[in-house]
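Sequence lines set the chain letters: A, B, ... in the order given, protein chains first and strands last, and positions in each chain run from 1.
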Amino acid sequence: MYRTHNCGALRIENVGEEVTLSGWLQTSRDFGGMTFIDLRDRYGITQLVFNMDDDADLCQKARKLGREFVLKATGKVRERSNKNPNRNTGDIEIEVTALDVLNASKVPPFTIENDTDGGDDLRMKYRYLDLRREQVQNNIIFRSQLALETRKHLSGEGFIEVETPNLIKSTPEGARDFVVPSRMNPGQFYALPQSPQTFKQILMVAGLDKYFQIVKCFRDEDLRADRQPEFTQIDCEMSFVTQDEILATFERLTKHLFKSTIGVKLGDFPRMEYDEAMKLYGSDKPDIRFGMQFVEFNDVAKGHGFAVFDNAEMVVGICAEGQAESYSNKHIKELTAWMQRPQIGAKGLVYVKWNNDGSVKSSVGKFYSDEQLMTWLEKAGAKKGDMLLILSGEDEKTRKRLNELRLEMGRRMGLMKEGDFKPLWVVDFPLLEWDEESGRFHAMHHPFTSPKKEEVDRMLNGDHETMKSLKADAYDLVINGVEIGGGSIRIHDRALQSRNFDLLGFSKEEAEAQFGFLLGAFEYGAPPHGGIAFGFDRLCAVLNGQNSIRDFIAFPKNNQGRDMMIDAPSPIHDEQLEELSIDLRKQEAH
RNA sequence: AGUGCUGUAACUCAACGGCUAGAGUACCCGACUGUCUCUCGGGAAGUUGCGGGUUCAAAUCCCGUCAGCACUGCCA
């Protein structure tokens with residue numbers, strides 16, 4: 001037997017018991033005459049004691065062991081003379097009578113501690129060592145709990161978990177597909193699903209009524225801290241539902257997950273129209289933990305001889321409360337430089353300070369009187385001590401930049417409080433989005449998204465602006481500025497679907513070739529349906545107040561989509577290529 | 001594809017263009033009977049990512065390249 005207890009189990013009540021523990025050597029403290037070993041497993045750390053006076057051979061053996069050795073120790077639990085209040089097992093120790101070295105270990109390349117000294121790349125390469133750390137292990141355990149609570153809750157609401165295939169058909173819409181060559185069908189390829197979208201709709205046609213799945217999705221796009229090439233979704237679809245019913249269902253799920261995993265009770269989620277989010281926050285995923293909403297200054301700023309504002313489509317700013325005195329010229333200059341980085345690309349940044357002594361100071365003070373600037377401050381609802389930060393330029397771009405500034409000011413002013421969760425439904429997304437590159441509209445959500453009922457008539461007779469303004473029954477759940485998930489009511493009517501394909505520039509033949517199976521299914525009595533999908537990895541991260549999803553994935557990939565541990569992707573043998581009927585293009589010689 | 005930051009001992013980092021490239025941690029050896037960041041003494045440890053250039057002299061400056069991270073594009 002390897003163990004009678006785990007390393008986090010023993011307490012003062014167990015004193016006197018004969019126990020066996022197995023685990024890893026966390027650290028040892030050798031005093032010559034006696035040696036302490038901290039034995040670790042995922043449940044905790046228990047101290048083993050060896051004493052020269054009791055058993056010299058055993059003590060000598062213990063002195064020779066290195067970090068991360070795998071040990072089995074048998075002995076008697078006894079009360080410590082010096083207790084360690086920082087540890088659950090700190091009242092007791094094991095007086096060891098028998099010790100087996102189950103396995104030796106090389107010296108690990110970084111310390112297996114909460115505050116590891118390892119960098120990201122090392123930790124990924126030696127992921128099995130990183131996963132020994134309590135924090136990372138807790139993240140993985142948390143993920144497991146979140147998945148179980150999701151299943152419990154949705155199953156309790158009558159949802160059925162259905163698996164959908166991973167080898168499916170490539171479609172041109174959306175993200176790039178990962179493709180898999182077919183050996184038995186030379187020259188043809190499967191694609192890995194970007195999401196089980198079409199399958200879940202077909203499950204609705206099939207009458208499953210309420211479907212969910214915790215499912216891997218694959219997108220071959222460039223990565224970020226919050227983006228992996230393969231990631232997990234809580235994917236759902238429901239029949240005979242309105243948007244309100246879907247939102248209510250997944251609001252219940254979200255509340256349940258917050259309550260059951262981190263004990264946070266969320267209030268009812270507010271809703272905001274997409275247009276309003278863009279107007280007030282310059283983002284379709286506003287962080288509403290703090291205000292600092294956009295204020296437009298076109299009417300008060302234009303026509304006073306300041307050419308930059310006069311020529312701008314939009315003059316818009318935010319009011320940073322209480323910041324007038326804390327931003328010196330140097331700070332403003334630094335903030336301006338931050339805004340001018342190529343990633344953001346603002347040309348300049350205008351400030352208006354309302355100092356505590358009542359005076360007004362501004363970088364555009366030459367062009368505007370104090371009285372004029374006061375009207376700006378009033379417009380923004382500013383108080384003494386506040387500071388306006390104003391950008392100008394083309395409407396959409398300027399709002400996007402101001403969004404970055406707002407978030408940065410939120411960070412600097414400490415307004416993104418840890419443990420504060422502010423969910424938000426963003427609703428009424430546009431149906432279509434203009435794609436400059438291809439010179440056509442594409443679906444903002446996906447091609448099966450239903451336009452709002454009142455938009456149907458406008459759908460075909462519209463000009464460019466009308467098309468841009470068409471609204472869909474599409475919605476996102478945003479928490480603390482992170483897009484947690486999104487969905488829509490789908491089109492279940494074949495005629496409306498064809499209309500939508502027309503708008504998207506699909507010919508009948510293309511639509512048939514790409515989505516014929518779905519359109520075919522819709523001809524056999526498709527129920528009205530809709531659904532949503534949550535980013536499971538992001539939800540894990542947000543619940544833990546973290547930005548990077550990598551720590552919640554047991555085996556994540558790096559920036560370049562490489563698995564550093566197994567070193568994938570990698571070349572394959574010529575025989576494999578041959579079998580797959582694939583000729584590689586010759587690489588240019590470097 | 002682009003922008004920025006980083007790359008020095010096993011790890012984390014330091015070193016004005018100039019002395020034998022240092023420190024902490026970890027590691028090895030020795031001492032130590034109540035530690036839990038043990039303590040003390042000693043030791044070993046370097047292709048300064050790689051290639052080229054400028055210079056009397058390069059970890060340091062320049063060019064290229066590779067890798068990691070963050071971001072922009074991209075991600076229905």
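Within 4.0 Å (heavy atoms only), A:Leu122 reaches sugar-phosphate atoms of the nucleic acid but no base atom. Within 4.0 Å (heavy atoms only), A:Arg490 reaches no atom of the nucleic acid at all. Residue A:Gln194 is classed as having no contact, given no heavy-atom separation below 4.0 Å to the nucleic acid. Nucleic acid contact for A:Arg341: none, since no nucleic acid atom lies under 4.0 Å from a heavy atom of the residue. At the heavy-atom level, A:Asn86 lies nowhere under 4.0 Å from the strands shown. A:Ser195 comes within 4.0 angstrom of a nucleotide base, judged by non-hydrogen atoms across all strands. The residue A:Lys64 sits apart from the nucleic acid: no heavy atom pair falls under 4.0 Å. When heavy atoms are screened at a 4.0 angstrom cut-off, A:Gln26 is found touching no nucleic acid atom at all. Looking at heavy-atom distances under 4.0 Å, A:Pro447 makes contact with a base. Heavy atoms of A:Arg550 sit under 4.0 angstrom from primed sugar atoms or phosphate atoms, though from no base atom.
The side chain of A:Arg80 approaches B:rG34 more closely than any other nucleotide in the set B:rG34, B:rC32, B:rU33. Distance from the side chain of A:Gln47 is smallest for B:rC36 among the nucleotides B:rC36, B:rG73, B:rC38. In the set B:rA26, B:rC69, B:rU72, B:rU72 carries the atom at the smallest distance from any side-chain atom of A:Glu404. With distances taken from any side-chain atom of A:Arg78 to the nucleotides B:rC69, B:rG34, B:rC36, the minimum falls on B:rG34. Checking B:rC36, B:rA1, B:rC32 against every side-chain atom of A:Asp222, the shortest atom distance belongs to B:rA1. Ranking B:rC32, B:rA1, B:rG68 by closeness to the A:Arg562 side chain, first place goes to B:rG68. Here B:rC32 is the nucleotide among B:rC75, B:rC38, B:rC32 with the atom lying nearest to any side-chain atom of A:Arg63. Listed nucleotides B:rC74, B:rU33, B:rG68 differ in distance to A:Met52; the shortest reach to its side chain belongs to B:rU33. Closest to the A:Val107 side chain, of the nucleotides B:rG68, B:rG34, B:rA26, is B:rA26.
Of the two residues contacting RNA chain B, namely A:Glu433 and A:Pro109, the nearest-nucleotide position lying further toward the 5' end is that of A:Pro109. Toward the 5′ end of RNA chain B lies the nearest nucleotide of A:Asp226, the other residue of the pair A:Asp226 and A:Glu221 mapping further downstream.
Around NZ of A:Lys125, the count of heavy atoms belonging to other residues, nucleotides or ligands within 6.0 Å does not exceed 12. Dense packing is recorded around CD of A:Glu433, with more than 12 heavy atoms of other residues, nucleotides or ligands lying under 6.0 Å away. Heavy-atom neighbours of A:Glu396 CD from other residues, nucleotides or ligands within 6.0 Å: at or below the threshold of 12. For A:Lys397, the NZ atom counts as loosely surrounded, since its 6.0 Å shell holds 12 or fewer non-hydrogen atoms of other residues, nucleotides or ligands.
Looking at A:Arg176, its side chain has no donor and acceptor atom pair within 3.5 Å of the base of B:rG73. Residue A:Arg29 places no side-chain atom within donor-acceptor reach of the base of B:rU37, judged by atom type and a 3.5 Å distance cut-off alone. Residue side chain A:Gln343 does not reach the base of B:rG73 through any donor-acceptor N/O pair under 3.5 Å, judged by distance alone. Remark: the A:Arg227 side chain and the B:rC75 base include a donor-acceptor N/O pair separated by less than 3.5 Å. With hydrogens and angles ignored, a donor-acceptor pair under 3.5 angstrom links the side chain of A:Asn51 to the base of B:rU33.
A distance of about 22 Å separates the C1' atoms of B:rA10 and B:rC66, rounded to the whole Å. Remark: the separation of the C1' atoms in B:rG49 and B:rC69 is 16 Å, to the nearest Å. Taking atom C1' in both B:rG17 and B:rA70, the straight-line distance is 31 Å, to the nearest Å. Nucleotides B:rU25 and B:rG42, compared at atom P, are 14 Å apart to the nearest Å. The P atoms of B:rC5 and B:rC62 are separated by 11 Å, rounded to the nearest whole Å. With C1' as the reference atom, B:rA45 and B:rU8 are 14 Å apart, rounded to whole Å. Rounded to whole Å, the P atom of B:rU48 lies 33 Å from the corresponding atom of B:rC40. B:rC61 and B:rA67: their C1' atoms are spaced 22 Å apart (whole Å).
Across all strands shown, B:rC61 forms a Watson-Crick or G-U wobble pair, both distances under 3.5 Å, with B:rG53. The base-pairing partner of B:rA14, taking Watson-Crick or G-U wobble contacts with both distances under 3.5 Å, does not exist among the strands shown. When both pairing distances are held under 3.5 Å, B:rC69 makes a Watson-Crick or G-U pair with B:rG4. Look at B:rA31: its Watson-Crick or wobble partner, with both distances under 3.5 angstrom, is B:rU39. Across all strands shown, B:rA21 forms no Watson-Crick or G-U wobble pair with both key distances under 3.5 Å. Summarising the base pairing, B:rU48 is matched to no nucleotide, lacking a Watson-Crick or G-U wobble pair whose two defining distances lie under 3.5 Å.
Using a 4.0 Å cut-off, some side-chain N or O of A:Asn558 falls inside it from OP1 or OP2 of B:rG68. The phosphate of B:rA70 has OP1 or OP2 within less than 4.0 Å of a side-chain N or O from A:Asn559. Phosphate proximity of B:rC69 to A:Arg224: absent, as no side-chain N or O sits under 4.0 Å from OP1 or OP2. Phosphate contact (OP1/OP2 of B:rG73, side-chain N/O of A:Lys400, threshold under 4.0 Å): present.
For A:Gln197 and B:rC75, the CD to P distance is 17 Å, given to the nearest whole Å. A:Phe36 places its CZ atom 14 Å from the P atom of B:rU39, with the value rounded to the nearest Å. Taking atom CG on A:Asn403 and atom P on B:rC71, their separation rounds to 14 Å, with Å as the unit. Between the CD atom of A:Gln233 and the C1' atom of B:rC75 there is a distance of 12 Å, rounded to whole Å. Look at CZ on A:Arg127: it is 16 Å from C1' on B:rG68, rounded to the nearest Å. Going from atom CD of A:Gln560 over to atom C1' of B:rA1 covers 12 Å, rounded to whole Å.
Aromatic stacking of A:Phe110 on B:rC11: not satisfied for centres closer than 5.5 Å together with planes under 30 degrees.
Side-chain atoms of A:Ser450 and A:Asp473 include no donor-acceptor pair closer than 3.5 Å. Between the side chains of A:Gln228 and A:Asp537, no donor-acceptor pair of N or O atoms lies under 3.5 Å. Between the side chains of A:Arg490 and A:Ser488, a donor-acceptor pair is found at a separation under 3.5 Å.
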Applying side-chain contact (heavy atoms from CB on, under 4.5 Å) to A:Ile94 and A:Val77, what does each step give before you reach the verdict?
CA-CA 5 Å; A:Ile94 312 296; A:Val77 182; 3.9 Å; yes
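In this structure the side chain of A:Ser195 reaches within 4.5 angstrom of the side chain of A:Gln233, judged on heavy atoms.
Considering all non-hydrogen atoms of both residues, A:Ser283 and A:Lys285 come closest at OG-N, 2.9 Å.
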